Each structure stands twice: as structure tokens, then as C-alpha cells.
Amino acid sequence: MEDFARAVEDGLKLSKRLVLPGGLPPPRPPAGMERGPDAAAALLLPAAPMAYAVVSDPGAVDTPDVPSYQPYVYGRLDPPALIPLQMKEIDLAVDCALDTAAVTLRARWWLHCITRSRECDVRLVVPMGEQGSILGAEVTVGRMSYNTQVTEVEDQTMENTMKGILKPHMFCLTIPQVEGGADIVATVRWSQKLHYDNGRFTVDIPFRFPYYVNPLPKVFMKREKIQLTVNSGFSKEVLLQGTSHSLKEKARQGDKLSFLHEAVVENWSNKDFTFSYSVYSGDLSGGIHVQPSTSQDYDDRDTFSIFILPGSGNRKVFKKAVVFVVDTSGSMKGKPLENVKNAVSTALSELVQGDYFNIITFNEELHSFSSCLEKVNEKAIASANDWMNANFVAEGGTDIMHPLNEAMALLSSAHDALPQIFLMTDGSVDDEHDICQTVKNELLSRGSKSPRISTFGLGLYCNHYFLRMVASIGKGHFDAALETGSIESRILKWFRKASNTIVANISIDATGHLNDFEVDSEYIPDISTQCPLCISGKYQGKFPETVVATGYLADMTEISIELKVQHITDMPLDNIFAAQQIALLTAKAWLSADKQLERKVIKLSIENSVLSEYTSMVVLQTNLDAAQKVKQKPKGRTGANEPLRFQLHGLKLGFGDKAATRENLLTAFGDEKPLEMLKIFKKAGGCCSRVADCLCCMCCIKACNRMNDQCAILLAQVCAALSCLGCYECCAEVCCGGSES
């Protein structure tokens, strides 16, 4: 993201050349704005839907209609600068149902910084909220349209490709060759999870627009519209808890509410859009939603969902026997391991008297804080922190089976507490299928006293589907951090979800009434104070009017929760649970190597426009005039007028990278930096693009650390070229290794 911020900074400098209609300069920062480096960096990264002009030729930068007669700028920018485009209007629609929000955003920008006689690419960047999953995008520029589509996996050799993600949960789409002064109208759809905390549901959408996307009031009237609907899924009162923007309640019908905000504004929103509500529930309560299948469904069975709220009652949390199993292989070196250590230290401080704990670190070897479970007290926690400071050292390879077996053996002595394993790793190993089977057999043999296993993946080299499968088998929780900056916060959120159990060993009595009843997850997880229980699946038969869920409380007394069955038509269950179903079915397909399951995932993915490991997202570029002519032709005669296809890449996780794990490559994150050894060559290449090819050869010379006669000749030629072009600093870097000579 540093490269992105630098490109935006360059773009803002270029935009100072613009003189807008009326002879006015571009908008300036509001008075009192902080000017520190952190505040400046925050302004440069997208915190709301944004569009950027991708400028390689600074000579093209000018107002579209009235020339500013600025001095001509020679040369080209490599990498290109990114000039944020001014936005004319924004329309946000949010539909909250159960634990998911479906978001549709429509925005209009104009290419205000490129003269009408020139063209440039335009890059759209849309940051999404909690566990955001892109569903589709449609962009119109003049008579050209661009639409995303989920299809079966395309040929990997497809020539036309473009990057589909800037960083995790930040969708990116590049529109080629847009004429200066043109309007860019985009509609982007995605789904994200609602945040749940202390009985409150919150939707949080990035909506902080920087000052420099505000067009001058005299030029454009800025229209802002926000629509929000809430369908809690319960026949209970919905209580509003707060909102970031002024919303007017338009309708209320039972558990369904709708709100609207529409206004002409002076400046675009400078804060995220948040909306919080709670469903009145004094104690554990829930329901079952059922919906018949349609002819288009991938499965002809009907759909059900079970939703149970933990309630606001003060239910006692189970005592815990916790074992943290932490990967300390060489690839965890630096910030990843430091962040994990900080998170584990905080988690230890949240344990209470009566709980037990231990810590295991693993690489090719295994090290334990203690030979047995330790009782939680101040002295033990302090000793554990000292032990972590001494033993959290990144070195060696990765072996997951041995520490998992050791953790399960330690927890066999936990008789008066709920045994829990928290596994954190950044690697992928060869025996993942064996680990799943071993864990399954071990947990089945222990029955209701089996430990819960929660898993956490760091970066892109670990197999997220293996970790999800282990958590599903172990009735635990899975989460992952794809950015170094989110490791600590996500681990703590994951730990709190899994460790605050109030009802365990849940079973549903519906199977006696149905011909077929299949839950997407392997087992029904426990109920935590930190999140509602929300599972889905397929069934055949007829549900009774009520179904009873049973489980055990912390004092080991049995509890029964009556779930009313609701036949719903106004809530698309398949859409709500599509991302969750695809992830779980993909994990099952990976474990079983079942081609039929893969086909199910493909159908579910295409039907709901949710990308999977077995599908691709492509962009179809269509000339609307040509498309209209095609409609008038006889069927079957499309020929050269077929849409041009671009494959979006970077949107999928994959199934881990065993080779990278074996080689102990540093953990790969979406925000990783380029290798240090390439910095001087990137610097020199950016300065003198004509010698870029020579510099690639120079990388080879430096890498092999030796030189023959031909290399010496090449080195002399490169130094001469750099010197002639005036790049003396680059010459010193390349030819003298950065030393003064």
C-alpha cells in the first residue's frame, strides 16, 4: 500500500496544475486539518469508494474544457500517478438480514483532470466491511459498459487479465482508455457480516471521502442518498441503538424497518456509515427459517437456517482449559510473531481464576510452557509472559500434527472445565488430510468431553480450507488475518468468540420429523456470548411448527430452547448464506477430493455471483451500440461483436503453498513489501526507463555475486548510460553498491 499511497501523492501534486471553471483552483484541505505524517498517509489510502485517473503522461493533465495553459511537462511517469477523481453523486443501499448485510453502491465520477483530446485508464477501488465478499460490478462510460460475471474457471493463459483486488477486502477494477471529461457511472454490490457485540448488531461501511473528491459547489450539486432496511428474522421488537448519519424512519412492520437519508450536501461524508440495532431478547431465543427451493437452485432440497441469540441475560460462561498452539517457524519472523505474542498475552490477561492454560510453540520441534495445565493466577500469567518473550523465536520448519496431539493429551486431564485448543499458523503442510482424520477420530472417541479446536491462519501461504475444516470438525471457530496490521485485533476477536461459551453440545430434534437433514458445517458449534449461532443447511420433508434445541449450561444442567419454524418469502436465505456455504463446501471438497461437491460449489457460486476456488470472475467489455446491432441480427450471428473478456486475478485464497512453507519464505500478506534487494534497481529503473532491461541483467550479476568479462562490459555500459542521462545517484547505487566513489 505504500506504493499506492505514493502514486496518489504524485497524483495530487499533478492536480495542482488544474484550473477549474471560473478560474478556481482544486479544493483545498479544510481549516484545522491535521498535517502530521500519519494523518497525511491516511488521506492517501481509500477509506470510501474511489476512482483514480491512471496518469503515465503528465502532459495529458489539464481541465477537459478550458485549457489552463500550464507549461508542458516532458517525460513519462513509471509507475503512473493516481489522481483522485471528483465525485458527482453517491447512492448507498444496505439490506440487513440475520447476521449479513447486502450492500449496493452507485456512484458517478467525472474525469476532471484529463483534457478531452486525451485518454487514460481509470481505476475504481471499493473498500468493503467485515468479511466483505464482492458480488458484482457494472460500470458505464459513454457507450461502453463493463460488467463482472462469475463463470467456471477460465483458461489460465487468457491474454486479457487485470488485478481484481488492491488489498484484502478492497475490490479493484481498471477501466481502460477513458476520454477526458467523461462520466464514470459504477454500481458495485457486495455482502459483509454484521458485527455483534453485547447484544447489538452493527453494520459498518467505509464511507470517509477525502476533501479532494469534492467538486466545487458552483460547478456541481452534490446529491447523497442512503437507504437502509432491517429484517431481523425474529418476531420481536427491534431497538435502534445509533447511527452515524441522519436517517428518517420510513416504515416499520413488526421486525422489518426501513430508513432513508437524501440530501444535497456541501461536502461528501467524512465518516464511515454505521448503524446499530438490537433485537429484544431477555434470554436465549431463536428461530428456524425455511424456504422452498427454486428451479434454479443447485440443490433440489429446501433451505433452512437456525439462528439463536445469546440474549442479554447473565448466563454463566464455562470455565476454560485453554492451550495456545503457536507456529514459531522461520516464516513467522518479525511483525507476525510479535503481533501473535501480544495477542496471546492479552488473551491470557482475560482468563479468570478457575481457568487453566498452557502454551505450546512449534516449528520442527515442540516447546511447552509447562508439562501440565496451569491454574490461572497473577504469578502464572507473569511467568507465561516471560516464557513467551524468551521462546517466541522464529526459526525452523512447520509440523502441525505433533503439537496438536500434545495439546489434546494435555487437555485429557481437564475434567471440570471446557477444553479448548487455539491453533495459529502461517504454513501449509503435507499431512493436512491425515491431521483432519486423526483429529476427527480423537474427538469422536472422547465424545462430549472432546476439546474444541479453533484455528487461525496468518497470510496467504497457509491452507485456509484445511484450517476451516479442522475448526468445523472441532466445533470451534476459524478466522484469518490477511494483513499484518490486523493480526492482533482479529486474534483477540476470534479468541473471545470461542472462549465465552454459555451453551455446549447442542443438538436439534428436527431429524425425527424429516426425510433428510444436512447442516453445512460438520457439527453444530457451541453458543457464545460474543456471537449468535447461525447455521444453514438443506432438508427434505416437513418441519413441525416448533423444534427444540437442547444443550448444556456451565453448571452441566440441560437447557431446552424452543425454536419457532417460520416459512419466509421476503428473505433470500441462499444469498445470505452463499459465502458461508461455499467456504464450508469447498473445505469438504478439498478433504474428500469429491468432484460432485466441487460441481455443487461451482453451481452455488455462479447462481449467487460469489466467487469460489473453482470459478473465475471475468469482466465483459461491451460496446452498447454494437450490442444493439447484434440484437437486430438473426440468432447465432454475433462474430466480432462478442464482448471482450478480462479475467480478474488476486481474488482467491488458494489451498496454501507447501513449497513456500518448506522454503520458510516470510509470511505472505496482501500488504507485503517488495524484497529489499530490489529497491535500488526499482529506483534506477524509475529514473531511467531506457536502461530498465540492462538493470534486470544487473540483478542477476548482483545475485550470483561474481562477474565474468561479459558482465564487466555490461556493468561499464550501464554506468555510462546512467551517467549520460544525468542519473548520477542511480549510477552510484548500481555501479558502486551505494558507496561514495
Side-chain angles (χ1 to χ4, degrees), residues 30 42 46-50 87 89-107 126-133 135 169-170 187-211 213-214 221-281 307 309-312 489 493 530-532 534 570-571 576:
M50 296 282 291
M87 189 170 68
E89 60 182 277
I90 186 78
D91 186 338
L92 179 68
V94 185
D95 297 312
C96 302
L98 299 180
D99 68 340
T100 302
V103 184
T104 301
L105 180 133
R106 183 184 180 278
V126 181
M128 299 175 286
E130 178 79 5
Q131 298 180 43
S133 178
L135 299 177
H169 310 307
M170 195 171 282
T187 301
V188 183
R189 296 175 293 107
W190 72 90
S191 68
Q192 63 181 66
K193 288 295 182 182
L194 300 179
H195 177 64
Y196 183 85
D197 181 42
N198 198 28
R200 177 183 296 188
F201 291 95
T202 301
V203 59
D204 191 341
I205 296 171
F207 213 58
R208 287 178 285 123
F209 295 94
Y211 71 89
V213 303
N214 287 299
M221 187 179 294
K222 295 182 280 291
R223 297 184 180 278
E224 182 179 79
K225 183 177 181 181
I226 301 174
Q227 303 172 81
L228 180 132
T229 62
V230 175
N231 188 345
S232 71
F234 293 94
S235 300
K236 292 179 178 288
E237 184 181 3
V238 176
L239 307 174
L240 307 185
Q241 300 293 343
T243 179
S244 59
H245 293 64
S246 58
L247 296 174
K248 184 178 180 181
E249 186 173 322
K250 300 295 290 182
R252 179 186 286 259
Q253 184 178 358
D255 57 350
K256 303 176 187 66
L257 298 88
S258 64
F259 301 86
L260 177 66
H261 160 75
E262 190 169 12
V264 174
V265 295
E266 184 176 347
N267 293 299
W268 297 122
S269 169
N270 60 3
K271 55 187 174 182
D272 290 340
F273 174 73
T274 60
F275 183 86
S276 300
Y277 65 93
S278 59
V279 179
Y280 178 76
S281 175
F307 202 66
L309 293 173
S312 55
S489 61
K493 186 175 180 181
Q530 298 296 304
C531 62
C534 191
D570 58 350
M571 190 188 301
I576 292 170

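Worth knowing before you read on, the calculation uses all heavy atoms, side chains too, and leaves out hydrogens, waters and symmetry mates. A quick note: this is a predicted structure, and the numbers were derived from the prediction, not measured.
Not counting sequence neighbours, the partners of R252 by the salt bridge (Lys or Arg N to Asp or Glu O under 4.0 Å) test are E249.
For the pair W190 and L105, the minimum side-chain heavy-atom distance is below 4.5 Å. At least one side-chain heavy atom of S269 sits under 4.5 Å from a side-chain heavy atom of K271. With contacts defined as side-chain heavy-atom distances shorter than 4.5 Å, the pair L247/I226 qualifies. Two residues are said to be in side-chain contact when any heavy atoms from C-beta on lie closer than 4.5 Å; R106 and E89 meet this criterion. Taking the side chain as every heavy atom from C-beta outward, P310 and Y196 approach each other to under 4.5 Å. Within the 4.5 Å cutoff, the side chain of E130 has no heavy atoms near those of the D204 side chain. T243 is not listed as a side-chain neighbour of F259, based on a closest heavy-atom distance of 4.5 Å or more. Looking at I90 and F207, their side chains come closer than 4.5 Å, going by heavy atoms from C-beta outward.
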Please report the C-alpha distance between V264 and R223 in whole Å, then the side-chain angles of each, then the deciding distance to 0.1 Å, and finally whether the side-chain contact (heavy atoms from CB on, under 4.5 Å) criterion is met.
CA-CA 5 Å; V264 174; R223 297 184 180 278; 3.9 Å; yes

Output, in order, the C-alpha distance, side-chain angles, deciding distance and verdict of side-chain contact (heavy atoms from CB on, under 4.5 Å) for F275 and L240.
CA-CA 8 Å; F275 183 86; L240 307 185; 3.8 Å; yes

Stepwise side-chain contact (heavy atoms from CB on, under 4.5 Å) test for F201 and V230
CA-CA 11 Å; F201 291 95; V230 175; over 6 Å; no

Can H195 and K493 be said to form a side-chain contact (heavy atoms from CB on, under 4.5 Å), step by step?
CA-CA 11 Å; H195 177 64; K493 186 175 180 181; 3.3 Å; yes

Checking salt bridge (Lys or Arg N to Asp or Glu O under 4.0 Å) for the pair E262/K248: CA distance, chi angles, key distance, verdict?
CA-CA 9 Å; E262 190 169 12; K248 184 178 180 181; over 6 Å; no

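In this structure, H245 and D272 approach most closely via the heavy-atom pair CE1-O, 3.7 Å. Minimum heavy-atom separation, Q192 to G132: CB-CA, 4.1 Å. Contact detail for P127 and P49: the closest heavy-atom pair is CD-N, 3.9 Å. Closest approach of G233 and M571 over heavy atoms only: CA-CE, 3.8 Å. Nearest heavy atom pair, residue M87 against residue A107, reads SD-CB, 4.2 Å. Scanning both residues, S278 and G199, for their nearest heavy atoms gives CB-O, 3.2 Å.
In this structure, OG on S276 lies 9.5 Å from CG on L194, to the nearest 0.5 angstrom. Atom CE of M128 and atom OG of S133 lie 7.0 Å apart (nearest 0.5 Å). We find the CD1-CG distance between I205 and L92 to be 5.0 Å, quoted to the nearest 0.5 Å. Annotation: the span from K225 atom NZ to H261 atom NE2 amounts to 11.5 Å, rounded to 0.5 Å. Annotation: the span from D99 atom CG to S232 atom OG amounts to 12.5 Å, rounded to 0.5 Å. One distance of note links CG of L309 with SG of C531; it measures 11.0 Å at 0.5 Å rounding.
Residue D95 forms a side-chain hydrogen bond (donor to acceptor under 3.5 Å, both in side chains) with just one option from T100, T104, T229, and that option is T229.
Surrounding CG of N198 are at most 12 heavy atoms belonging to other residues, nucleotides or ligands under 6.0 Å away.
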